[in-house]
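Just below is one structure, and these are the notes that go with it.
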Amino acid sequence: VQLQASGGGLVQPGGSLRLSCAASGNILGINTMAWYRQAPGNQRELVASITSIGGTNYADSVKGRFTISRDNANVKNTVYLQMNSLKPEDTADYYCQMLGRTGWGSPFNIWGQGTLVTVSS
């Protein structure tokens, strides 16, 4: 199973970006999808997560500005992070994470490569 993240870039304060992360491979199902971020000199922190039935959890710092969603239809197995009203302190490498089970029945907990979000004027 592999994850491919995309959507990062440079945006001005107050702007928006949408991150995507798609899973591929022999996947039976994905329970939890999440986005984390890590700024230079800081520990990786949870930004948002979403369960298989749509339950969501957000870091206090992004509540009301970021929205996590997932697309399980047609085996897309993709998670999105819509980021609005971006602030310079949102600048970080963003990583997706997925926890699920392969078609062979074994569990997986995998990370995508980071995608850099830079918020600057």
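All residue numbers refer to positions in the sequence shown, counting from 1. All values derive from a computational prediction rather than experimental measurement.
Grouping the Ile, Leu, Val, Met, Phe, Trp and Tyr side chains by contacts below 4.5 angstrom, directly or via other members, places Ile68 with Met83. Neither Trp111 nor Tyr94 shares a network with the other; the hydrophobic side chains, linked directly or stepwise wherever heavy atoms of I, L, V, M, F, W or Y lie under 4.5 Å apart, form separate groups for each. One hydrophobic cluster, built from ILVMFWY side chains closer than 4.5 Å, holds both Met33 and Val1. Note on Ile30: it does not cluster hydrophobically with Leu99, by side-chain heavy-atom contacts below 4.5 Å among ILVMFWY residues. Taking hydrophobic clusters as Ile, Leu, Val, Met, Phe, Trp and Tyr residues chained together by side-chain heavy-atom distances below 4.5 Å, Ile50 shares a cluster with Val47.
Atom OH of Tyr36 and atom OG of Ser49 lie 7.5 Å apart (nearest 0.5 Å). The structure places CG of Leu86 at 8.5 Å from OG1 of Thr91, a figure rounded to the nearest 0.5 Å. Here CD of Gln113 is found 9.5 Å from OH of Tyr95. Values are rounded to the nearest 0.5 Å. A distance of 10.0 Å separates OG1 in Thr51 from CG in Asn57, rounded to the nearest 0.5 Å. Put simply, CD1 on Ile110 and CD on Gln2 are 8.0 Å apart, with the number rounded to the nearest 0.5 Å. Here the OG atom belonging to Ser20 is positioned 9.5 Å from the CD atom belonging to Gln82, to the nearest 0.5 angstrom.
Side-chain atoms of Leu19 and Arg37, non-hydrogen and from C-beta on, never get closer than 4.5 Å to each other.
Of all the heavy atoms in Arg65 and Ser85, the pair that sits closest is NH1-O, 2.9 Å. Across all their heavy atoms, Cys96 and Val79 have their closest contact at CB-CG1, 4.5 Å. Contact between Leu116 and Ala92 at its shortest, heavy atoms only, is CD1-O, 3.6 Å.
For the side-chain contact (heavy atoms from CB on, under 4.5 Å) criterion with Cys21, the lone passing option out of Asn77, Leu81, Thr115, Leu3 is Leu3.
Within a 6.0 Å radius of CD in Gln43, other residues, nucleotides and ligands contribute 12 heavy atoms or fewer.
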side-chain contact (heavy atoms from CB on, under 4.5 Å) assessment of Leu10 paired with Ser120: CA-CA 7 Å; Leu10 173 64; Ser120 175; 4.2 Å; yes
side-chain contact (heavy atoms from CB on, under 4.5 Å) between Leu28 and Trp104, worked out: CA-CA 8 Å; Leu28 177 63; Trp104 297 289; over 6 Å; no
Check against salt bridge (Lys or Arg N to Asp or Glu O under 4.0 Å), Lys87 and Asp90: CA-CA 5 Å; Lys87 304 175 181 181; Asp90 294 318; over 6 Å; no
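Here the two rings, on Phe66 and Trp35, have centers that are 6.0 Å apart or farther.
For the residue pair Asn31 / Ser52, no side-chain donor-acceptor distance below 3.5 Å is found, with atom types taken as modelled.
Looking at Ser121, its side chain never comes within 3.5 Å of a backbone N or O of Gln12 through a donor-acceptor pair.
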